[in-house]
Amino acid sequence: MTDVGDAPAEAAADLPAWSECFRPEVRASLRRPRPFQSLADRSWLGSTGAGMVVAIVDSGVEGDHPAIGGKLVRSVRVELDGEDAAIVDDDPVDVVGHGTACAGIIHALVPEAELISVRVLGQNNTAKGMAFAHGLDWVIQERIPVANLSLSSRSDALFATFHDLVDQAYFANTLLVCAASNHPGQSSYPSLFSSVISVAAHDVPDPLSWFYNPRPPVEFGAWGVDVPVPWRGGSTIIGTGNSFATPHIAALVTRIRATYPTATPFEVKALLAAGAADPSGAADPSAR
Amino acid sequence: MPDRTERLNQEQPSGAGIALLRSVALRAETAQRLESELQTTLLRSIVDATVALFEAEAASIALYRPDSEQLEFVIAAGAHGQGVVGLAIPAAQGIAGYAFTTGEPIAIAEPERDPRFTKDFSAGTGYVPRSILAVPMRSEDRITGVLEVLDKLSGTFTMRDIEVASVFANQAAIAIQMGARALEAQELLRMLLTGGVPADDDAELQDLISVATRSQSGDDRFWEFVDAIVKLRLSRPEDRALAIEILDVVGRHAPPAQRRGAPGRLRR
């Protein structure tokens, strides 16, 4: 307990559990050793995502929403029939608004990247975990380089299935960017697996400010509080949650991938970690 | 409820084990009656407290109805909450549907008056919220409904609000589950004891058990017990007598139940 000065949690910003490490008062503890920081390369930040494809595994994407910029090139959905699943073409619609929000955040940061919607929500309540797994499997088989997963499964029965899928993704060079569950301590697949990039929200209102947390399972923090996002019906709303933090990191990963197309998942993760915002900031003048 | 008691009294299987089961069934029935009143009171106190804590315009609880695959609003609090009670919405759509199907809370607000934003929420209620927090009600590994909070007076919902509301929602889920468990246990025991299920129709009984077991997946020991009772009922009279005798001896001489160890981190 050397950091006694960090103790007054009562005065904290409104950030819970997984986001706790990104609070200004304690952020300095995220600081990394100098040799690692010296690797920092942020030149890739200049990328617009040209030549890249990002999958949005969610509730669908509203293709004609102005915030998507006509970049939705394909929409599919998972159809379950007992044990079998089929990926079928879908209308460019969003039954909730959530997928459109994620796509909008990504498009704003990588405007030249193409988007593919994989709809796994909005139907068949009884097998949604399986639909999610099949959607993810399709993304990997299609070798889509980046997937935004602002959702997770709590089904321990699907632990092995998701574990296998994230391994396949890792070896196929598909980067899975996953929202940490908003309920720490509960199963949340695949966001808790080590080979994915897991994300929680911070409240710095800047889409290009991200933090690296060296204490997993949640490794990255991005803006996820009061984020203006596109929503269903051509509208715009203000969203809060790890769901809205995740697409920021997915967009950054897309920029890295566009700049270094052969980078492997762990190399991308290392670049993302090394280029993260200085956690010392002004909040803790004693930090180097 | 009295007719169930009468039916229990009409058929009185002999043996100490069956008598024990009868008393369990009667106790469960009483518990269930108390639970439904307690449950309503508890749910009401949860939505009342939610409104007060968040200084919100309204809070409501919608429960999942598997038959219709809809979320039905059953209780509400706050000046603008009452209009929603009785309404049902598709379980996979809109804000509440998102929280229900994904198991993740969601907080959104409208940046400015935008009629497109409101159409999902205002239908039938006459009330148009500017901000919404929807959190799933989770008990064990099941999601039974959604707690919604509308229009926090002091700005938009925060991550901390999401966390606090989740605790409230889980309290509500536990209240719902306790009621459901008492009802299902009582119903099952009643059928086993009164012959509500034909003893020679093994498949039907197994179906019943498997349906009930799916909805009670978190409590293995209870269902192991039920399973044993079912087997007992299906057995030959002499086997039954022997089993009851063993149960009786075990019941009188067994050491107090030991706590099971912590479950493994992951079941495969």
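Letters A, B, ... mirror the listed sequences (proteins, then strands); counts begin at 1.
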- Query: At what distance, to the nearest 0.5 angstrom, does CG of A:Asp226 lie from OG1 of B:Thr156?
  - Reply: 3.0 Å
- Task: Verify side-chain contact (heavy atoms from CB on, under 4.5 Å) between B:Glu104 and A:Arg154, making sure each step is shown before the conclusion.
- Result: CA-CA 10 Å; B:Glu104 287 294 329; A:Arg154 254 173 216 83; 2.8 Å; yes
- Message: I'd like to check the side chain to side chain contact (heavy atoms under 4.5 Å, CB included) partners of A:Pro207; sequence neighbours left out, ordered by chain and number.
- Response: A:Leu109, A:Trp223, A:His248
- Bottom line for A:Thr161: the part with an atom under 4.5 Å from chain B's heavy atoms is neither
- Query: Looking at CD1 of B:Ile162 and CG of A:Asn242, how far apart are the two atoms once the value is rounded to the nearest 0.5 Å?
  - Reply: 8.0 Å
- Taken to the nearest 0.5 Å, the spacing of A:Ser150 OG from B:Ile106 CD1 works out to 10.0 Å
- Got a sec: does the CG of A:Asp81 have more than 12 other heavy atoms crowding it under 6.0 Å? no
- Cut-off 4.5 Å, heavy atoms of chain B, and the answer for A:Ser152 is both
Side-chain donor-acceptor pairs of residues 49-61 of chain B under 3.5 Å, sequence neighbours excluded:
from, atom 1, to, atom 2, distance (Å)
B:Thr50, OG1, B:Ile46, O, 2.6

- Task: Search all heavy atoms of A:Ser19 against all heavy atoms of B:Met159 and return the closest pair with its distance.
- Result: OG-CE, 3.8 Å
- Does any non-hydrogen side-chain atom of A:Thr240 lie less than 4.5 Å from one of B:Phe157? no
- Taking atom CD1 of A:Ile237 and atom CD1 of B:Ile132, what is their separation to the nearest 0.5 Å? 9.0 Å
- Task: Indicate the atoms forming the closest heavy-atom contact of A:Phe244 with B:Ala107, along with that distance.
- Result: CE1-O, 4.4 Å
